[in-house]
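Numbers here are sequence positions counted from 1. Just so you know, these numbers come straight off a predicted model, no measurement behind them. Every number for a ligand or one of its atoms is a count from 1 in the order of the listing.
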Amino acid sequence: MQGHFISFEGGEGAGKSTQIARLKTFLENKGKTVVVTREPGGSPGAEKIRNMLLSGEAKDLGPRGEAMLFAAARADHVDTLIKPALERGDWVLCDRYADSTRVYQGEGGVDLEYLKLLETAAVAGIRPELTLLIDVPAEIGMARVQERSKTDASGGPDRFEGEAMQVHERRRQRFLELAEEESHRFAVIDGAKDLGAVETAIREAVEAAFEHVLNPANGTTKVSEEA
Ligand code: TYD
């Protein structure tokens with residue numbers, strides 16, 4: 001694959017969308033073509049499934065059935081949007097990806113081995129090179145969600161936002177555990193800080209992970225200096 005794939009993860013109200021927009025601008029200023037997308041959704045087929053999931057319409061299927069729908073949406077998103085973009089050489093910034101299923105549906109009681117099978121089928125080998133986990137305490141995240149819903153046309157909390165505070169905190173712990181288990185691809189960002197500080201931390205993590213791609217001249221200089 002020519003392109004680069006970065007996923008953003010975190011609980012509710014972590015501030016992912018704002019930070020994705022800022023990272024997009026940063027990369028574009030470096031001459032990169034950036035595709036911003038989200039899950040569930042991101043492609044016409046997956047957006048239909050998104051509506052079923054977030055309205056709570058699919059809740060009757062139970063957590064396992066919902067997990068299958070998240071996987072079905074992801075498969076379509078990968079096939080029709082993410083993979084073609086990476087093949088073109090674009091940078092893909094995705095608001096949530098497979099880790100959200102591990103955390104949310106895992107926390108909802110779905111067997112982890114079962115989730116692994118679904119994930120393998122859905123992602124078809126397409127995995128992020130870097131996952132930015134924006135970590136905020138559940139109370140801070142949920143306070144932001146409540147604030148946002150005052151001005152938001154969509155009305156009250158969605159199917160997954162409307163859970164008890166302990167559920168949000170357990171999801172947070174699962175994300176942190178995952179980041180520790182797969183530390184080679186995760187960067188944990190303190191999302192309780194102000195927007196500018198979070199933006200800088202993200203930029204630093206991206207520059208560290210993609211140093212050779214973003215600053216190829218540095219590598220060349222070093223080699224010629226040593227020579
Ligand atoms: P969204 O409005 O995009 O929320 P956010 O801005 O917090 O990302 O809604 C996505 C919701 O779906 C969110 O509550 C997390 C949940 N979700 C899962 O439960 N499993 C998944 O695999 C994904 C991608 C999202």
Side-chain angles (χ1 to χ4, degrees), residues 5-21 36-43 45-59 61-78 81-82 92-112 114-123 126-128 131-149 151-165 167-172 174-175 178 189 191 198:
F5 184 16
I6 302 176
S7 64
F8 284 71
E9 297 283 0
E12 313 298 333
K16 289 180 280 98
S17 2
T18 311
Q19 295 300 336
I20 289 173
V36 168
T37 189
R38 66 164 181 191
E39 291 211 346
S43 60
E47 286 290 327
K48 287 186 195 153
I49 301 177
R50 174 187 175 91
N51 291 336
M52 291 178 65
L53 283 163
L54 297 196
S55 65
E57 209 184 323
K59 201 174 173 180
L61 297 177
R64 221 159 69 118
E66 284 183 314
M68 286 183 125
L69 284 183
F70 277 110
R74 181 159 305 126
D76 185 66
H77 186 211
V78 168
L81 188 128
I82 299 179
V92 175
L93 308 184
C94 192
D95 189 341
R96 299 192 182 282
Y97 193 61
D99 297 316
S100 277
T101 302
R102 293 195 204 175
V103 166
Y104 280 74
Q105 281 60 57
E107 162 50 37
V110 184
D111 177 67
L112 295 185
Y114 180 85
L115 290 178
K116 248 191 206 159
L117 289 173
L118 285 180
E119 178 176 317
T120 305
V123 307
I126 305 289
R127 296 180 184 279
T131 299
L132 294 157
L133 170 59
I134 308 188
D135 175 55
V136 282
E139 282 186 14
I140 296 183
M142 290 316 291
R144 289 179 185 167
V145 168
Q146 264 158 18
E147 201 50 41
R148 186 170 65 196
S149 66
T151 50
D152 197 349
S154 63
D158 71 32
R159 150 85 177 90
F160 297 92
E161 284 168 352
E163 309 255 25
M165 197 61 82
V167 176
H168 293 296
E169 195 52 45
R170 284 203 297 267
R171 287 175 183 155
R172 178 189 184 208
R174 277 187 182 252
F175 269 125
L178 198 53
I189 306 292
V198 175

Under 4.0 Å to a heavy atom of D158 - the qualifying atoms of ligand 1, by number: 2 (O), 9 (O)
Going by heavy atoms, is R38 under 4.0 Å from ligand 1? no
Hey, which atoms in ligand 1 end up nearer than 4.0 Å to a heavy atom of R74? 22 (O), 24 (C)
What are the atoms of ligand 1, with element, lying closer than 4.0 Å to any heavy atom of F160? 12 (O), 14 (O), 16 (C), 19 (O)
For the residue pair Y97 / R38, report whether a side-chain donor-acceptor contact shorter than 3.5 Å exists. no
Report the residues that fulfil side chain to side chain contact (heavy atoms under 4.5 Å, CB included) with D135, sequence neighbours left out, ordered by chain and then residue number. R172, L176, V188
Would you check the N or O atoms of Y97, main chain and side chain alike, for any that come under 3.5 Å of an N or O of ligand 1? no
Mark the output for E66 as yes if a heavy-atom distance to ligand 1 is under 4.0 Å, and as no if none is. no
Identity and separation of the nearest protein heavy atom to atom 13 (C) of ligand 1: E12 OE2, 3.6 Å
R159, portion touching ligand 1 at heavy-atom distance under 4.0 Å: neither
Test of understanding: with salt bridge (charged side-chain N to carboxylate O under 4.0 Å, His left out), list the residues that count as partners of E39, not counting sequence neighbours. R74
Tell me which part of R50 gets within contact of ligand 1: side chain, backbone, both or neither, using heavy atoms under 4.0 Å. side chain
